[in-house]
Amino acid sequence: MKINETETMENLRKLTAKYFNTLKPSTDKTDTYKAQIKLSNYAELGCVIAETLKLCIVALDQEAHKTSDTIKTSPINVALILEMVLEMFPSDEFEMLDEINQMLAVNSQSLNQ
């Protein structure tokens, strides 16, 4: 491997260690990953699950909100669901993609000269 390629690979390893934080390797050796959601307590977990289920019910059956007592008495907390999704959003990984793109642009410019 050329020195430039070795440096690039080492830079990619460093970037991966720094930015790939959303997925954690599973401890059960199944080659799967886990994404974590930060919650304050079990009550918040229950609320997130209930809101997600209500949203799914309404999405599947648009008339469900008219006939369901549960959904009628407690409107769907879309903000809570969006917060949960935002917790899982891999923003660090997008930063890494920017850095890789910059590295590749610099390398391709040096190759073209």
Side-chain angles (χ1 to χ4, degrees):
M1 203 182 285
K2 296 178 187 176
I3 293 175
N4 195 18
E5 289 174 358
T6 305
E7 288 175 7
T8 301
M9 290 303 295
E10 185 57 34
N11 286 337
L12 286 174
R13 278 190 203 92
K14 288 178 184 176
L15 287 172
T16 301
K18 181 178 178 182
Y19 290 109
F20 275 7
N21 301 313
T22 302
L23 295 177
K24 307 283 186 214
S26 180
T27 56
D28 60 7
K29 299 183 191 242
T30 58
D31 292 331
T32 58
Y33 294 87
K34 295 179 183 179
Q36 294 184 342
I37 303 168
K38 296 175 186 168
L39 301 168
S40 300
N41 50 41
Y42 280 101
E44 186 179 6
L45 173 62
C47 190
V48 167
I49 292 169
E51 296 300 319
T52 304
L53 289 171
K54 288 192 288 186
L55 181 64
C56 291
I57 291 167
V58 171
L60 289 171
D61 183 4
Q62 295 177 2
E63 299 296 315
H65 72 282
K66 295 177 185 173
T67 59
S68 170
D69 289 335
T70 305
I71 297 174
K72 234 188 274 185
T73 58
S74 59
I76 298 169
N77 187 342
V78 176
L80 181 66
I81 294 168
L82 292 174
E83 282 180 37
M84 181 184 66
V85 172
L86 191 57
E87 282 282 328
M88 294 185 294
F89 193 79
S91 56
D92 287 345
E93 284 81 347
F94 284 111
E95 288 180 35
M96 184 186 145
L97 290 173
D98 280 340
E99 291 204 27
I100 290 172
N101 187 41
Q102 289 173 0
M103 285 173 43
L104 293 174
V106 168
N107 284 340
S108 66
Q109 286 176 357
S110 65
L111 290 174
N112 290 334
Q113 292 176 357

Chemist: Working to the nearest 0.5 angstrom, can you tell me the gap between Lys54 NZ and Asn77 CG?
Modeler: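 Those atoms lie 8.0 Å apart.
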Chemist: Quick one: pull up OG1 in Thr16 and CG in Asn21 and give me the separation to the nearest 0.5 Å.
Modeler: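 So the OG1 of Thr16 and the CG of Asn21 are separated by 10.5 Å.
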Chemist: Is the count of non-hydrogen atoms from other residues, nucleotides or ligands lying under 6.0 Å from Asp31 atom CG greater than 12?
Modeler: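 Atom CG in Asp31 is not packed in, count stays at 12 or less.
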Chemist: Give a yes or no on whether the ring-centroid distance for Phe94 and Tyr19 is below 6.0 angstrom.
Modeler: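 No.
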Chemist: Could you walk me through whether Met84 and Thr52 pass the side-chain contact (heavy atoms from CB on, under 4.5 Å) test, one step at a time?
Modeler: CA-CA 10 Å; Met84 181 184 66; Thr52 304; 3.8 Å; yes
Chemist: Are Leu82 and Phe89 grouped together when hydrophobic residues (ILVMFWY) are joined by side-chain heavy atoms under 4.5 angstrom apart?
Modeler: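 Each belongs to a different hydrophobic cluster.
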Chemist: Which distance, rounded to the nearest 0.5 Å, do you find between the CZ of Arg13 and the CG of Leu15?
Modeler: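 Taking CZ in Arg13 and CG in Leu15, the distance rounds to 12.0 Å.
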Chemist: Before you tell me yes or no, could you show the steps for Leu23 and Lys34 under side-chain contact (heavy atoms from CB on, under 4.5 Å), namely the whole-Å CA-CA distance, both residues' side-chain angles and the distance that decides it to 0.1 Å?
Modeler: CA-CA 5 Å; Leu23 295 177; Lys34 295 179 183 179; over 6 Å; no
Chemist: Taking a hydrophobic cluster as the set of Ile, Leu, Val, Met, Phe, Trp and Tyr residues connected by side-chain heavy atoms closer than 4.5 Å, whether directly or through intermediates, do Leu80 and Met88 fall within one such cluster?
Modeler: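 Yes, one cluster joins them.
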Chemist: What distance separates Glu51 CD from Ile81 CD1, expressed to the nearest 0.5 Å?
Modeler: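 Interatomic distance, Glu51 CD to Ile81 CD1, rounded to 0.5 Å: 5.5 Å.
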Chemist: Using side-chain heavy atoms (C-beta onward) and a distance below 4.5 Å, is Glu95 in contact with Glu99?
Modeler: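 When only atoms from C-beta onward are counted, Glu99 and Glu95 do not touch, as no gap falls below 4.5 Å.
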Chemist: In Å and rounded to the nearest 0.5 Å, what is the CD1 to CE distance from Ile100 to Met96?
Modeler: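 CE of Met96 is found 3.0 Å from CD1 of Ile100.
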Chemist: Using residues 42-50 as the side-chain source, report each donor-acceptor pair under 3.5 Å to any protein atom, sequence neighbours left out, with the distance given to one decimal.
Modeler:
unit_1 : atom_1 : unit_2 : atom_2 : d
Glu44  : OE1    : Ser40  : N      : 2.6
Glu44  : OE1    : Ser40  : OG     : 3.0

Chemist: Mark yes when over 12 heavy atoms from residues, nucleotides or ligands other than Gln36 sit less than 6.0 Å from its CD; otherwise mark no.
Modeler: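 At most 12 heavy atoms, drawn from other residues, nucleotides or ligands, come within 6.0 Å of this atom.
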Chemist: Would you say Lys24 has more than 12 foreign heavy atoms packed within less than 6.0 Å of its NZ?
Modeler: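 Counting other residues, nucleotides and ligands, NZ of Lys24 exceeds 12 neighbours.
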